[in-house]
Amino acid sequence: MTSYKALVKDVINKADVLLEVVDARFPDETRNSEVEKEIIRLKKPFIIVINKCDLVSKEKLDKTKSRLSRIAPTVFISSKDRSGTTMLRHQILASACIKGRDILVGTLGYPNVGKSSVINGVTGRHRAGTSPVSGHTKGVQHVDAGSHIMFMDTPGVIPFDENDEYVQGLLGIKDSTHLKDPVGVALMIIDKMLAENRTALESFYNVTLESPDSYSVLEQIGRKCNFLQKKGEIDEMRTATKIIGDWQNGLLLV
């Protein structure tokens with residue numbers, strides 16, 4: 001944890017502009033208040049980049065942007081189709097008036113929010129290494145984006161007091177193989193889908209939900225997928241693993 005703090009401070013000190021990359025599905029949960037305070041203390045310009053916006057409804061995106069724009073310039077990005085990347089490039093150039101050298105852009109955020117994918121979207125080519133497994137980026141990597149922009153890609157920055165495995169499961173910081181309670185995480189995903197986009201949940205698993213109870217929904221999905229044990233009982237672990245995988249791979253829209 002100490003090394004993460006040192007890395008963050010080093011990137012903030014060296015960067016001309018900071019990008020805080022957050023997950024559109026969890027914009028507040030993937031913001032880091034300590035990082036933001038340090039950026040503001042050093043009077044460094046920063047941009048909030050809302051990534052994975054293709055996984056969220058336009059209504060939710062508009063509300064998020066309206067709120068976060070009061071804190072810093074806010075840009076939507078979809079690494080999937082590269083939408084928003086030109087706007088982000090323009091915002092970077094507008095935020096730092098640097099002449100005679102490249103603008104050094106530090107990228108910070110949780111593991112698996114898509115920092116490297118954002119960089120690749122702006123550069124227009126695969127320069128930064130990406131992986132669906134969190135922790136893929138090792139150390140700070142410098143990536144030339146052209147037009148006098150140089151990115152510093154960093155490993156995921158876990159909040160210094162973050163120990164909640166359920167949140168880590170929702171954010172994709174830990175996949176199902178590294179969770180102690182995959183069923184509990186799957187139930188949280190179901191609860192969120194029921195509250196925010198029940199129709200998408202039904203459509204994706206091709207079910208008509210019979211109960212608002214999350215465990216009953218998990219059982220129904222398990223039956224639909226034919227994840228059965230002996231005597232016809234639901235294989236809840238296999239069902240939970242599928243739900244978590246579908247969620248973390250961006251197949252469920254909220």
Side-chain angles (χ1 to χ4, degrees), residues 3-36 38-39 44-56 64 68 72-89 91-92 95 103-146 149-160 162 167-168 170-175 248-250:
S3 63
Y4 270 115
K5 286 187 177 182
L7 182 147
V8 170
K9 289 187 177 181
D10 185 54
V11 169
I12 293 173
N13 278 314
K14 290 179 178 178
D16 300 307
V17 180
L18 280 304
L19 305 185
E20 183 180 25
V21 183
V22 303
D23 188 319
R25 298 169 297 176
F26 301 98
D28 294 312
E29 292 87 342
T30 48
R31 287 175 57 206
N32 189 310
S33 60
E34 288 199 38
V35 167
E36 290 180 6
E38 184 67 9
I39 293 170
K44 294 290 184 83
F46 82 103
I47 303 164
I48 298 175
V49 179
I50 305 176
N51 193 26
K52 305 184 182 181
C53 65
D54 53 294
L55 302 179
V56 176
T64 299
L68 296 188
T74 303
V75 178
F76 294 142
I77 289 285
S78 171
S79 301
K80 186 176 180 179
D81 59 15
R82 289 185 57 202
S83 63
T85 53
T86 300
M87 185 175 293
L88 177 57
R89 180 183 285 274
Q91 187 63 60
I92 290 169
S95 297
I103 299 171
L104 203 54
V105 182
T107 56
L108 300 168
Y110 271 89
N112 219 31
V113 294
K115 297 181 301 300
S116 297
S117 296
V118 167
I119 291 172
N120 288 332
V122 175
T123 61
R125 58 188 69 87
H126 191 85
R127 292 287 186 86
T130 61
S131 170
V133 179
S134 64
H136 178 75
T137 303
K138 308 296 183 183
V140 177
Q141 302 177 29
H142 286 74
V143 181
D144 185 355
I149 295 175
M150 179 71 71
F151 283 104
M152 289 190 289
D153 190 19
T154 63
V157 179
I158 301 174
F160 308 138
E162 183 57 81
V167 173
Q168 291 178 356
L170 285 171
L171 298 178
I173 296 170
K174 289 184 177 181
D175 62 22
Q248 293 184 349
N249 289 321

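For the single chain, residues carry numbers from 1 onward in sequence order.
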request  = Carefully, step by step, assess His142 and Leu104 under the rule side chain to side chain contact (heavy atoms under 4.5 Å, CB included).
outcome  = CA-CA 9 Å; His142 286 74; Leu104 203 54; 4.1 Å; yes
Checking the side chain of [X] only, and the main-chain atoms of [Y] only, is there a donor and an acceptor separated by less than 3.5 Å?
{"X": "Lys115", "Y": "Leu108", "result": "no"}
{"X": "Gln248", "Y": "Lys174", "result": "yes"}
{"X": "Thr74", "Y": "Ala72", "result": "yes"}
{"X": "Glu20", "Y": "Asn32", "result": "yes"}
{"X": "Thr30", "Y": "Asp23", "result": "yes"}

Hey, what do you get for [atom1] ([X]) to [atom2] ([Y]), rounding to the nearest 0.5 Å?
{"X": "Met152", "Y": "Asp10", "atom1": "CE", "atom2": "CG", "answer": "7.5 Å"}
{"X": "Leu18", "Y": "Ile92", "atom1": "CG", "atom2": "CD1", "answer": "11.0 Å"}
{"X": "Ile119", "Y": "Ile149", "atom1": "CD1", "atom2": "CD1", "answer": "11.5 Å"}
{"X": "Arg25", "Y": "Thr64", "atom1": "CZ", "atom2": "OG1", "answer": "13.0 Å"}
{"X": "Ile39", "Y": "Ile12", "atom1": "CD1", "atom2": "CD1", "answer": "4.5 Å"}
{"X": "Leu19", "Y": "Gln91", "atom1": "CG", "atom2": "CD", "answer": "10.0 Å"}

Of all the heavy-atom pairs spanning [X] and [Y], show the shortest one and how long it is.
{"X": "Ser95", "Y": "Pro45", "answer": "O-CG, 3.6 Å"}
{"X": "Phe151", "Y": "Thr107", "answer": "CD2-CG2, 3.8 Å"}
{"X": "Tyr110", "Y": "Val113", "answer": "O-CG2, 3.2 Å"}
{"X": "Cys53", "Y": "Phe76", "answer": "SG-CB, 4.2 Å"}

query = Would you call Arg31-Glu36 a salt bridge at under 4.0 Å N-O?
reply =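 Counted as a salt bridge, because a side-chain N and a carboxylate O are separated by less than 4.0 Å.
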